[in-house]
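Here is the structure we will look at, set down as structure tokens.
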Amino acid sequence: MLRTRSYRELVSIYKKQILIVIIPLLLSPIPLIIGGHESQAGWMVLVMGLFWGLELLPLAGTALLPIVFFPLFGILSTDAVCREYFKATCTLFFGGLVVAIAVEESNLHRRIACKLLLSIGISPRMLMLGFMVSTAFLSAWISNTATTAMMVPILQSVLLELEADSNTRKMMFLAVAYAANCGGTGTLVGNGPNLLLYGALNEPCTDQPISFLSWMYFSIPILIVNLVLCWLWLQVLFIGLPCGSKKQGDKEQNTRVASILKSKQAELGNISMVEIIVSILFMVLVLLWFFRDPDFMKGWRYVSDVPIADATPVILICILLLGVPKENGEPFLKWQVVEKKLNWSVIFITGGGFALAAGMKSSGLNDWLGNQLTALKDWDQFFILIAIIFIVSVVTQVASNTACASMFIPVLLDLSISLKMNPLFLMLPATLTCSYAFVLPVSTGPNAIVFEASEMKTMDMVKAGLGLNFIVLLVTVGSTYTVMNGIFGVESYPDWAHTCESHPLNLTALH
């Protein structure tokens with residue numbers, strides 16, 4: 001006989017589906033009672049925020065909700081909403097992911113990692129630094145999760161040879177995860193939040209200063225400081241700071257570790273023609289990004305009378321990778337490999353963030369929020385910055401960094417304009433903070449990977465992550481008044497911000 005399931009069993013099995021129905025219903029008084037497009041867009045923001053935070057649907061599935069509800073509410077047409085999912089910034093992200101796949105397929109990233117590890121040092125402390133530098137460098141260009149997945153097997157082999165104790169294992173695994181999270185902030189294409197900021201500013205704000213090169217001007221110094229502090233913090237927490245002289249056993253251990261890394265490097269063989277070509281194309285891409293519109297000379301983008309953005313050179317490199325043949329006649333990168341390995345989800349999440357922002361702008365919700373938040377005009381800018389960073393830091397621990405950025409960046413742009421503050425004063429620190437999710441295994445892909453591989457307890461990550469979060473937030477606040485202010489003048493209201501006020505979304509094209 002079939003056993004009748006109890007009420008509790010049914011709730012346990014279908015709790016996500018129940019919440020998918022209940023949450024929109026509980027929030028329905030907002031559009032029904034208040035009325036107007038502003039409340040409808042607000043309902044959409046709250047529903048998507050809760051769905052993202054609780055992961056009731058796949059993150060990309062939640063990102064598609066604006067395609068359904070904005071046209072039904074009369075906020076945006078279906079065509080207008082769908083255009084947001086593959087605008088120039090999403091194309092830039094797509095191209096960056098394709099180039100990253102080419103790097104992975106050629107094993108170039110493994111060769112770089114082994115070379116860096118052997119170059120930096122092989123004592124346990126220097127080895128940890130080597131893993132952190134290698135991971136951060138690679139995650140600045142390819143997926144944070146893919147970088148972590150590649151580094152973990154190498155780390156496991158090294159730890160086995162080290163006969164590492166429990167604390168050393170936890171320290172090394174956390175070092176890789178945290179370096180991957182921080183490394184994504186290093187370049188404009190490093191992760192979703194960076195590109196969401198770029199896209200949010202690039203369309204409405206003429207002559208805004210964020211570009212591939214200017215991003216690295218301020219992000220690299222911050223990244224270096226964060227990596228060093230993370231390296232020191234994990235040592236203090238798990239093994240203490242170095243003291244005393246090296247033992248003979250340590251030297252023998254270091255020799256064995258060096259042997260492992262050299263064997264890993266030897267497995268790759270001599271550098272192949274594929275690696276050479278991918279390296280050349282990658283360097284060409286970076287140079288094209290650097291010199292598109294540098295501050296110190298006239299960039300190549302002026303060869304045309306129409307604006308040329310960073311998506312154009314990356315798509316050129318993608319076409320070359322897909323079209324240039326190897327010795328056997330096959331292309332350097334097969335499209336079938338791209339289809340299989342490309343993380344389409346993150347592109348849809350990024351697009352969903354843009355669609356949500358467009359709906360908020362078109363509905364008038366942004367203006368309403370801006371008016372409400374003008375109450376903050378009597379606050380000192382420093383305290384506004386602290387409040388924003390704290391809120392973003394809490395949310396990003398339970399929501400994906402891209403989803404978190406999607407919720408906050410449009411609001412911060414309008415808040416800044418309403419308060420006559422430089423938009424970058426709040427938006428840059430908040431964007432960086434979206435990537436600083438160190439506390440929980442579910443916070444990021446890298447956290448989840450090392451949590452499973454290391455068999456650590458959740459409280460081990462919470463203890464290390466809370467301290468590191470506090471440290472990097474202090475660095476973020478300090479860098480706002482030093483590095484960011486020195487490069488972008490974030491404490492003063494810039495001329496380009498006036499174009500954000502006078503260049504609202506083209507509503508005639510949206511309906």
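Being a predicted model, the structure only gives us computed values, none of them experimental.
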Hey, does the side chain of N191 reach the backbone of N144 with a donor-acceptor pair shorter than 3.5 angstrom? no
What is the distance from atom CG of L424 to atom CD1 of I487, rounded to the nearest 0.5 Å? 11.0 Å
When rounded to the nearest 0.5 angstrom, what distance separates CG in L64 from CE in M48? 8.5 Å
Would you say the side chain of V472 lies within less than 4.5 Å of the side chain of L229, judging by non-hydrogen atoms? no
Please walk me through it: do W141 and V286 pass side-chain contact (heavy atoms from CB on, under 4.5 Å)? CA-CA 10 Å; W141 305 98; V286 173; 3.8 Å; yes
Close side-chain approach of V439 and N469, heavy atoms under 4.5 Å: yes
Which pair of heavy atoms, one from A102 and one from L321, lies closest together, and at what distance? CB-CD1, 3.7 Å
Looking only at side chains, do S479 and T482 share a donor and an acceptor under 3.5 Å apart? no
Testing the 3.5 Å rule here: is there a donor-acceptor pair between the side chains of E275 and N107? no
Hey, is the main chain of T185 close enough, under 3.5 Å, to the side chain of W215 for a donor-acceptor pair? yes
Correct closest heavy-atom pair for Y178 and C230 would be CB-SG, 3.8 Å
Given F212, which of Y217, F291, W289, Y198 fulfils the ring-ring contact (aromatic ring centres under 6.0 Å, His included) condition? W289
Hey, does the side chain of T135 reach the backbone of M132 with a donor-acceptor pair shorter than 3.5 angstrom? no
How about F173 and V152: do any of their side-chain heavy atoms sit closer than 4.5 Å? yes
Would you call I347 and L97 a side-chain contact if the rule is heavy atoms closer than 4.5 Å? yes
Tell me whether W233 contacts the main-chain N or O of A464 through its side chain, where contact means a donor paired with an acceptor under 3.5 Å. yes
Is a side-chain N or O of N202 found less than 3.5 angstrom from the main chain of D207, in a donor-acceptor match? no
side-chain hydrogen bond (donor to acceptor under 3.5 Å, both in side chains) between Y436 and N226, worked out: CA-CA 10 Å; Y436 299 150; N226 282 338; 3.1 Å; yes
Evaluate the side-chain contact (heavy atoms from CB on, under 4.5 Å) criterion for residues I388 and F408: first the C-alpha distance (whole Å), next the side-chain angles of each, then the deciding distance (0.1 Å), finally the verdict. CA-CA 9 Å; I388 294 298; F408 282 102; 5.8 Å; no
For A453 and R169 the tightest heavy-atom approach is O-NH2, 3.9 Å
Just do the side-chain hydrogen bond (donor to acceptor under 3.5 Å, both in side chains) check on N447 and N181 with the steps written out, would you? CA-CA 9 Å; N447 291 11; N181 293 335; 3.0 Å; yes
Would you find more than 12 non-hydrogen atoms of other residues, nucleotides or ligands less than 6.0 Å from K326 atom NZ? yes
Heavy atoms of other groups near N328 CG, more than 12 under 6.0 Å: yes
Heavy-atom pair with the smallest gap, counting every atom of P441 and M461: N-SD, 3.5 Å
Residues passing the salt bridge (Lys or Arg N to Asp or Glu O under 4.0 Å) test with E267, sequence neighbours excluded, are none
Work out which heavy atom in C182 is nearest to a heavy atom in L223; give both atom names and the distance. O-CD1, 3.4 Å
Apply the test ring-ring contact (aromatic ring centres under 6.0 Å, His included) to residues F218 and F488: give CA-CA distance (whole Å), side-chain angles for both, the deciding distance (0.1 Å), then the verdict. CA-CA 9 Å; F218 84 89; F488 300 118; 5.7 Å; yes
Treating S214 as the side-chain partner and S211 as the backbone partner, does any N or O pair qualify as donor plus acceptor under 3.5 Å? yes
Short side-chain to backbone donor-acceptor contact, W231 and R125, under 3.5 Å: yes
What distance separates L432 CG from S393 OG, expressed to the nearest 0.5 Å? 12.0 Å
Kindly indicate, with the supporting measurements, whether the criterion side-chain contact (heavy atoms from CB on, under 4.5 Å) is fulfilled by F348 and Y85. CA-CA 6 Å; F348 281 115; Y85 285 82; 4.2 Å; yes
Checking side-chain contact (heavy atoms from CB on, under 4.5 Å) for the pair L428/T480: CA distance, chi angles, key distance, verdict? CA-CA 8 Å; L428 282 179; T480 301; over 6 Å; no
Hey, does L234 have a side-chain heavy atom less than 4.5 Å from the side chain of M172? no
Roughly how far, to the nearest 0.5 Å, is CD1 of I220 from CE of M216? 4.0 Å
Are F425 and S416 close enough that some pair of their side-chain heavy atoms sits under 4.5 Å apart? no
When rounded to the nearest 0.5 Å, the distance separating OG1 of T431 from CG of L426 is 10.5 Å
Roughly how far, to the nearest 0.5 Å, is the CG atom of L201 from the CD1 atom of I210? 6.5 Å
Between S362 and I75, is there a donor-acceptor pair closer than 3.5 Å when you use the side chain of the first and the backbone of the second? yes
Donor-acceptor pair, T396 side chain versus C434 backbone, under 3.5 Å? yes
Say whether, by atom type as modelled, one donor and one acceptor occur between the side chain of S454 and the main chain of K170 under 3.5 angstrom. no
Determine whether I319 and I315 make a side-chain contact, defined as any pair of heavy atoms from C-beta on separated by less than 4.5 Å. yes
Is the shortest side-chain N to carboxylate O distance from E105 to K341 below 4.0 Å? yes
Work out which heavy atom in P429 is nearest to a heavy atom in I389; give both atom names and the distance. CB-CD1, 3.8 Å
